[in-house]
Amino acid sequence: MNAKTPRTFSTMLGDKELSIETGKLAKLVSGSVTVRYGDTILLVTAQARDERSSLDFLPLTVEFEERHYAVGKIPGSFHRREGRPGEKAILSARITDRQIRPLFPKSYRQETQVIITVISADGEHSPDVLGPIGASAALSISDIPWEGPTACVRVGQIDGQFVINPTFSQLEHSTMDLVVAGTRDAILMVEAGAKTVDEDVLVSAIEFAHAQMQPIIALIEQMRDELGQEKFVFATEADLTVDMVPELAEDARAGGLRDVLLTAGKKERSGRVKALRDGLIALRVPDAGAEGAAAQITALKNAFYKVEKQELRRLILEEDLRADGRNTRTVRPIWIEARPLPRAHGSAIFTRGETQVLGVATLGTERDEILIDDLTSETGDKFMLHYNFPPYSTGEVKRMGGQSRREIGHGNLAKRAIRAVLPSFESFPYVIRLVGEVLESNGSSSMATVCAGTLALMDAGVPITAPVAGVAMGLVMEDGKYKILTDILGSEDALGDMDFKVCGSAQGVTALQMDIKIQGITPQIMREALSQAKDARLHILGKMAEVLPAPRPELSPTAPRIISIKINPELIGKVIGPGGKQVRELEAMGAQVTIEEDGTIRIFSSDGEAAKAVQARIEAVTRSAKIGEEFEGTVVKTAPFGAFVNLFAGQDGMLHISQISEERINAVEDALNVGDKLRVKIVGIDDRGKIDLVRPELEGKIAPREPRAPREGGERRGPPRR
């Protein structure tokens, strides 16, 4: 029996069965499985090219394909077929990529592709954590060299209890949405959004996740042992740099490499490093144009990079010193400017060292919410965060196009961090868009986006529940010795073994993301990293509070105003008017009007006076008369039995002839004429909505007329009458 014979393997995950089937679909590919959990089914394939790539990195691509037939939908695009992956699909692909990438051999350069296709989605069990399981199984039984298996699970917390792989409906009541991937012995990747959760609770949740994924890892190991193919021997190129490193390292240190690496500024440091490197190369290759010189120069550059990396790691581990002279716990200098943009609704510049982000907040109406066309039941999102990373932010020249997967991933992390502190739409009925414009980047621009975005919201007057900040932590680990780095530089991200981003308020964590370049870390290291990150976060929040300690008490003067009112749903038709005439007239007054089925009406305008005028018009159209109310009315019609008095728009009442004057009159016109104004009081409303009036100043002076029977509650319910 081999991998091409249909086989199904299963285990329990929580209270449901997880099954992995192979040998039935897509049998021409190296590794192919279907993963099923509930009625959510994914087809996952893994394939590698035979020839080695000329690239100096692993050319791995992970694609996450959502098929709308999986939920019985026709795509909403013009061509009615799936187009480019949406944001959810890209984020799902990144989860898989970040789990499997660290476990390929370091010298492996074959182009490798993992394709995850959602072929059935039940709307309750998210496919994003099933994709990594399928990728692990497909790679494990394939002939592709890979050092797995791994597994991936989601953890929620409901009523204080951890829940494994919660459904979409359960997540609505969960205090966290935590995704964890790992091997049998260690954690590889963490992604989380939370409603301000304590660090110790997060570590406990990660440990819970690691324990729960063990049966999945055992299942994939069983598949590999029974059906796995022999791994192919991949071609490697001779590493010409290995023999060059010791001598080059000795000469570099003699040439002052330590002092060069401790230069404070990135540009100055890069310039001094390049000068030292080029000088050492020139001593070894005096004639750069000679035959074979180019290859030798390239090898020497690679060797020097290894020397540079070794020295930086040595400085951190042995001297507690980093490239810019800081120790491992210090946050770079911070400066902040609030409201640099006079016309934006909210704006702020956050600068930490050589990382700078301009945060801009814009407030809009429900009509501005982003529409979602994926496999979820969501139809729109009232909070957007867009992260832009132009090439000039790193001093480079690159082709500019659409958003990269990296930009989408970093933006989503910042979005999850800030979403936890936003007010509810009911209490603050605005659609919010945040933009993080990265102006300089030398270490964790996504965390600077969290800080700049928070400040922009507070500058706009958005009543967030607490300010949030973010910081990126690093790790250097060798031979059991390690150092955790606070607020890492770009070079420390490249040379280090971990990128651990932690966001939150003073009360706890709202989002985190961890990627590992080594084969996992322990919960103890995570616990230390979270504790060190908390100290840094509180420091950053303190700096933010010096500029904006809380949201501004009033909305920005440039921000539009939204007025929310509630009317009797039975009166919605009066606001809309025949054929929508009334709504068009209201919007012609300078405001947008949205009406919900429960009678909630929202008035949106950049002109506060126009919004108030529209509100007054709606209130007048939908106003209900009540017994006991008094009005300054206008006589609109007379009759032999009395006068009809207009109380407010669309509502008249009848003042009987016996109630007009203290003296007896023969005709209404003896005392009142059309157009006269007088004070009247409602004393009765009958079942047909007819209103009886009296003159309050004459009450007690003339005999009261028997009023009409009032409706229950004293409110008029029927249409206005004249």
K.L.:
Whether the side chain of Thr40 engages the backbone of His125 through a donor-acceptor N/O pair (distance < 3.5 Å, no angle test) should be reported.
P.N.:
yes
K.L.:
With sequence neighbours excluded, what pairs up with Pro215 under the side chain to side chain contact (heavy atoms under 4.5 Å, CB included) test?
P.N.:
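Only Thr11 meet the side chain to side chain contact (heavy atoms under 4.5 Å, CB included) criterion with Pro215.
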K.L.:
Working note: Glu191 + Arg98, criterion side-chain contact (heavy atoms from CB on, under 4.5 Å); need CA distance, chi angles, decisive distance, verdict.
P.N.:
CA-CA 10 Å; Glu191 177 94 24; Arg98 289 158 52 202; 2.7 Å; yes
K.L.:
Rounded to the nearest 0.5 Å, what separates atom CD in Gln47 from atom CD in Gln113?
P.N.:
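Answer for the CD-CD pair, Gln47 versus Gln113, is 9.0 Å.
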K.L.:
Strictly by modelled atom types, are Glu354 and Asn442 linked by a side-chain donor-acceptor pair under 3.5 Å?
P.N.:
yes
K.L.:
So, applying side-chain contact (heavy atoms from CB on, under 4.5 Å) with Arg154, which one of Val163, Leu130, Leu171 is it?
P.N.:
Leu171
K.L.:
Measure from the side-chain N and O atoms of Ser270 to the backbone N and O of Lys266, and report whether any donor-acceptor pair falls under 3.5 Å.
P.N.:
yes
K.L.:
Once ring-ring contact (aromatic ring centres under 6.0 Å, His included) is applied, do any residues pair with Phe389, and if so which ones, sequence neighbours excluded?
P.N.:
none
K.L.:
Excluding sequence neighbours, so at least two apart, what forms ring-ring contact (aromatic ring centres under 6.0 Å, His included) with His386?
P.N.:
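Partners of His386 by the ring-ring contact (aromatic ring centres under 6.0 Å, His included) criterion come out as none, since no residue qualifies.
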K.L.:
How many angstroms lie between atom CD of Glu199 and atom CG of Leu512, to the nearest 0.5 angstrom?
P.N.:
9.5 Å
K.L.:
Go through the structure and list residues passing ring-ring contact (aromatic ring centres under 6.0 Å, His included) with His410, not counting sequence neighbours.
P.N.:
Tyr387
K.L.:
Are the side chain of Ser30 and the backbone of Asp143 linked by a donor-acceptor contact shorter than 3.5 Å?
P.N.:
yes
K.L.:
Taking only residues at least two apart or on different chains, which pairs with a member in residues 443-454 satisfy salt bridge (Lys or Arg N to Asp or Glu O under 4.0 Å)?
P.N.:
none
K.L.:
Counting distance only, does the side-chain N/O of Arg313 pair as donor-acceptor with the main-chain N or O of Leu495 below 3.5 Å?
P.N.:
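Pair found, side chain donor or acceptor close to backbone of Leu495.
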K.L.:
Going by the rule ring-ring contact (aromatic ring centres under 6.0 Å, His included), which residues pair with Phe9 if we only count those two or more places apart in sequence or in a different chain?
P.N.:
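So Phe9 forms no ring-ring contact (aromatic ring centres under 6.0 Å, His included) with any residue.
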